[in-house]
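Single-structure report; data block below.
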Amino acid sequence: MASFLPDTDSEDELPPGWEERAALDGKVYYANHVTKSTQWSHPRTGKKKKVTGELPHGWEKKITDDGLIVYVDHINHKTTYTDPRLAFAVEEKEFPTDIRQRFDASTHALQILHGRDLGGKVAIITGANCGIGYETAKALAYHGCEIYFACRNRQSTMEAMEKICKERPNSIVHYIHLDLESLKSVEEFCVKFGREKKPINMLILNAGTFGLPFSHTEDGFETTFQVNHLGHFYLVKLLTPLLIKSAPCRVVVLSSESHRQSFLTKDNISEERLSPKTANGFYSIIAYNDSKLCNILFSNELNQRLSGFKVYSNAVHPGNLVSSYLSRNWWLYRLLFAFVRPFTKSLDQAASTTVYCATAYDLEGVGGMYFNNCYRCKPSKNTEDNDLAKLLWELSENMIARALEKKSSDIKHT
C-alpha cells in the first residue's frame with residue numbers, strides 16, 4: 001500500500017522545534033517548544049487548519065483515568081496522544097470555493113481515501129459493475145461505504161461484487177437492477193431502493209455509452225441521449241425526496257471533455273436535436289458530445305435547485321480515452337483506445353476525481369462545478385448558460401411526461 005500514500009507538501013512541513021496539535025473542538029494549533037508558545041496559524045503558511053470527520057478505520061478515542069485524551073490504534077495495537085486526523089487536517093477557507101489542489105492526474109482512487117473511514121455511509125453507483133464505476137465502488141467499499149450497484153447486467157455485477165468481497169471480506173455491497181434504456185426500470189429501481197430504508201450519502205451517475213449506432217429505446221428516445229442523460233435525469237427526479245431527507249449529500253455526474261465539442265445552444269436545443277426520430281444526419285460522436293454537455297448543464301441546474309436543501313452536485317471528467325468498456329460498441333473505437341492506452345490514465349486513476357468529489361472534506365457545501373484531475377477547472381462557455389440549463393431541464397421533464405403518458409395510453413387501449 002506504500003505506493004498509495006500521498007506525498008507530503010513541503011510548505012506544510014513544520015520548522016524545527018514546532019509541533020502540530022488538535023484542540024478539543026478540532027481546531028489545529030502549533031506549539032513552539034523553543035519559545036514555549038502556541039499559535040493558531042501555521043508557522044510557514046500562516047493558514048489555519050482543522051481536523052474533521054471520523055477517525056481512520058481501526059482507531060478509537062479514549063479518556064484515561066487522569067482525564068487525558070488518547071487515541072488507540074486497534075489494528076497496530078498502539079496508543080498515542082496525537083490525533084491521527086492531523087495527518088489529513090484541512091485548511092480553514094475564507095470562501096467555500098477556495099479549494100487547494102492536493103491531487104493530480106496520477107492520483108489513484110485509493111489514495112484519495114487514505115486514512116478515511118466511510119462506515120455508515122451509503123452510495124448508489126450506476127454502471128458500477130465494470131470500468132471506472134467498478135474502481136469507484138471498490139475504493140469506497142474498501143473504506144467501509146455501503147454500495148448499491150445500479151447496473152443492467154446481473155451476472156457481471158455479481159462477479160464484480162464477489163471480487164470486491166473476496167479482497168475485502170467486510171465489504172457491504174448490494175445489487176438492484178437498473179437499465180437506463182427503460183424509464184420503467186428506473187421507476188422499479190427507485191421503488192426497490194426505497195424499501196431498503198437507507199439514506200443516500202452519495203449518488204454517483206457513472207453509467208454511460210459511447211459510439212452506438214442510431215437506435216431507439218423502448219421509450220422512443222435515441223439511445224445515447226437516454227442512457228447518458230435522460231435516464232439519469234429521471235432517476236434523480238424520483239430520488240429527490242430521499243436525497244433531501246438524506247442531506248447533506250452529494251451527487252457526482254460523470255461528463256467528459258468531449259462536452260467542449262458540442263454546439264448545443266439555447267437557440268438550437270430541441271427534442272429533435274437531442275433525440276432524433278430518424279438516422280438522417282445522425283452521428284454517434286455528436287450525440288455523445290451533446291449528451292456530455294447535457295451532463296454538466298444538468299449537474300449545474302440540479303445544484304441550483306437543491307443546494308438550498310444541502311444536496312450538492314458536481315460534474316467530473318475522468319480522463320481522456322481511458323481504456324474502459326465505454327469503447328465496446330465499435331471496433332474502430334476499441335482499436336483507438338487500445339493504441340493510446342499506454343499514454344492515458346489507469347482505471348483506478350480515472351476513478352480518483354469521482355471519489356474526490358464524492359468524499360473530499362474540501363467540497364463540503366460546494367457544488368455547481370466541473371472537476372478534472374481532482375481539481376476544479378473551467379468548462380466550456382455553454383455550460384455557464386443558465387438559460388440553456390433551464391431549457392434542458394424543462395425539455396427533459398416534458399419528454400419524460402409525454403413518454404409516460406403515451407405508455408399509459410397504450411396500456412389502456414390493449
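Values below: every heavy atom of this structure, side chains too, minus hydrogens, waters and symmetry copies. Just so it is clear, the model here is predicted, and its values are computed rather than measured.
His229 places no side-chain N or O within donor-acceptor distance of the main-chain N or O of Lys292, the cut-off being under 3.5 Å. At distances below 3.5 Å, at least one donor-acceptor pair connects side-chain atoms of Asn295 with backbone N or O atoms of Asn228. Looking only at distances, a side-chain donor or acceptor of Arg116 sits under 3.5 Å from a matching main-chain atom of Thr359. Panel note: side chain Ser171, backbone Arg168; a donor-acceptor pair is recorded below 3.5 Å. A distance-only check finds a donor-acceptor pair linking the side chain of Ser291 to the backbone of Tyr288 [under 3.5 Å]. Distance alone, capped at 3.5 Å, is enough to place a donor-acceptor pair between the Thr223 side chain and the Ser215 backbone. In terms of modelled atom types and a separation under 3.5 Å, the side chain of Thr157 and the main chain of Asn153 share a donor-acceptor contact. Side-chain atoms of Thr383 do not come within 3.5 Å of backbone N or O of Pro379 as any donor-acceptor pair. Between the Asn303 side chain and the Ser313 main chain, a donor and an acceptor come within less than 3.5 Å of each other. No side-chain donor-acceptor contact under 3.5 Å links Ser307 to the backbone of Lys310.
Summarising the geometry, atom OG belonging to Ser380 is positioned 9.5 Å from atom NZ belonging to Lys378; distances are rounded to the nearest 0.5 Å.
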For this session: Kindly indicate, with the supporting measurements, whether the criterion salt bridge (Lys or Arg N to Asp or Glu O under 4.0 Å) is fulfilled by Arg305 and Glu301.
Result: CA-CA 6 Å; Arg305 291 171 181 250; Glu301 182 65 15; 2.8 Å; yes

For this session: Evaluate side-chain contact (heavy atoms from CB on, under 4.5 Å) for Ile176 paired with Phe149, printing each intermediate quantity in order.
Result: CA-CA 6 Å; Ile176 300 180; Phe149 284 62; over 6 Å; no

For this session: List the steps and the verdict of side-chain contact (heavy atoms from CB on, under 4.5 Å) for Phe189 and Leu238.
Result: CA-CA 10 Å; Phe189 173 89; Leu238 295 180; over 6 Å; no

Exercise. How far apart are the C-alpha atoms of Asp290 and Gln261, what are their side-chain angles, what is the distance that settles it, and do they pass the side-chain contact (heavy atoms from CB on, under 4.5 Å) test?
Worked result: CA-CA 8 Å; Asp290 285 350; Gln261 277 68 58; over 6 Å; no

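The shortest distance between side-chain heavy atoms of Ile204 and Leu254 falls below 4.5 Å. Contact annotation: the side chain of Leu264 never approaches that of Asn382 to less than 4.5 Å [non-hydrogen atoms, C-beta and beyond]. Counting heavy atoms from C-beta on, the side chains of Val252 and Leu203 never come closer than 4.5 Å. Cys377 places none of its side-chain heavy atoms less than 4.5 Å from the side chain of Phe371. Here the side chains of Leu55 and Pro84 are in contact, with some heavy-atom distance below 4.5 Å.
In summary, the side chains of Ser262 and Asn289 do not present any donor paired with an acceptor at a separation below 3.5 Å, with no hydrogens or angles considered. A donor-acceptor contact closer than 3.5 angstrom links the side chains of Asp104 and Ser106. Side chains of Tyr29 and Glu20: a donor-acceptor N/O pair is absent below 3.5 angstrom, by distance only. Side chains of Ser346 and Asp348: a donor-acceptor N/O pair is present below 3.5 angstrom, by distance only. For the 3.5 Å distance criterion, the side chains of His232 and Thr126 qualify, holding a donor opposite an acceptor.
Looking at Asp179 and Lys184, no side-chain N of the basic residue comes within less than 4.0 Å of a carboxylate O on the acidic one, giving no salt bridge. Residues Asp73 and Lys78 are not paired through a salt bridge, judged by the lack of any N-O separation under 4.0 Å between the basic side chain and the carboxylate. The existence of a salt bridge linking Arg21 and Glu19 is confirmed by a sub-4.0 Å separation between a basic side-chain nitrogen and an acidic carboxylate oxygen. Ion pairing between a basic and an acidic side chain is recognised when a charged N comes within 4.0 Å of a carboxylate O; Glu222 and Lys277 show no such pairing.
In this view, His177 satisfies the ring-ring contact (aromatic ring centres under 6.0 Å, His included) rule with no residue, not counting sequence neighbours.
More than 12 heavy atoms of other residues, nucleotides or ligands shown are found within 6.0 angstrom of CD1 on Ile75. With a 6.0 Å radius and a threshold of 12 heavy atoms from other residues, nucleotides or ligands, Phe309 has its CZ atom at or below the threshold. Applying the 6.0 Å contact sphere to CD of Gln304 captures no more than 12 heavy atoms from other residues, nucleotides or ligands.
Taking the six-membered ring where the residue is Trp, Tyr370 and His317 present tilted rings, their angle falling between 30° and 60°. In this structure, His216 and Phe214 have perpendicular ring planes: the angle between them is above 60°, well past the 30° mark.
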Taking distance alone, no hydrogens or angles, what donor-acceptor pairs closer than 3.5 Å link side-chain atoms of residues 132-141 to residues at least two apart or in another chain?
from: Glu135; atom 1: OE1; to: Lys138; atom 2: NZ; distance (Å): 3.3
from: Thr136; atom 1: OG1; to: Ile132; atom 2: O; distance (Å): 2.9

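Applying the salt bridge (charged side-chain N to carboxylate O under 4.0 Å, His left out) rule to pairs touching residues 194-220 yields Glu146-Lys198, Glu218-Lys407, Asp219-Lys407, sequence neighbours excluded.
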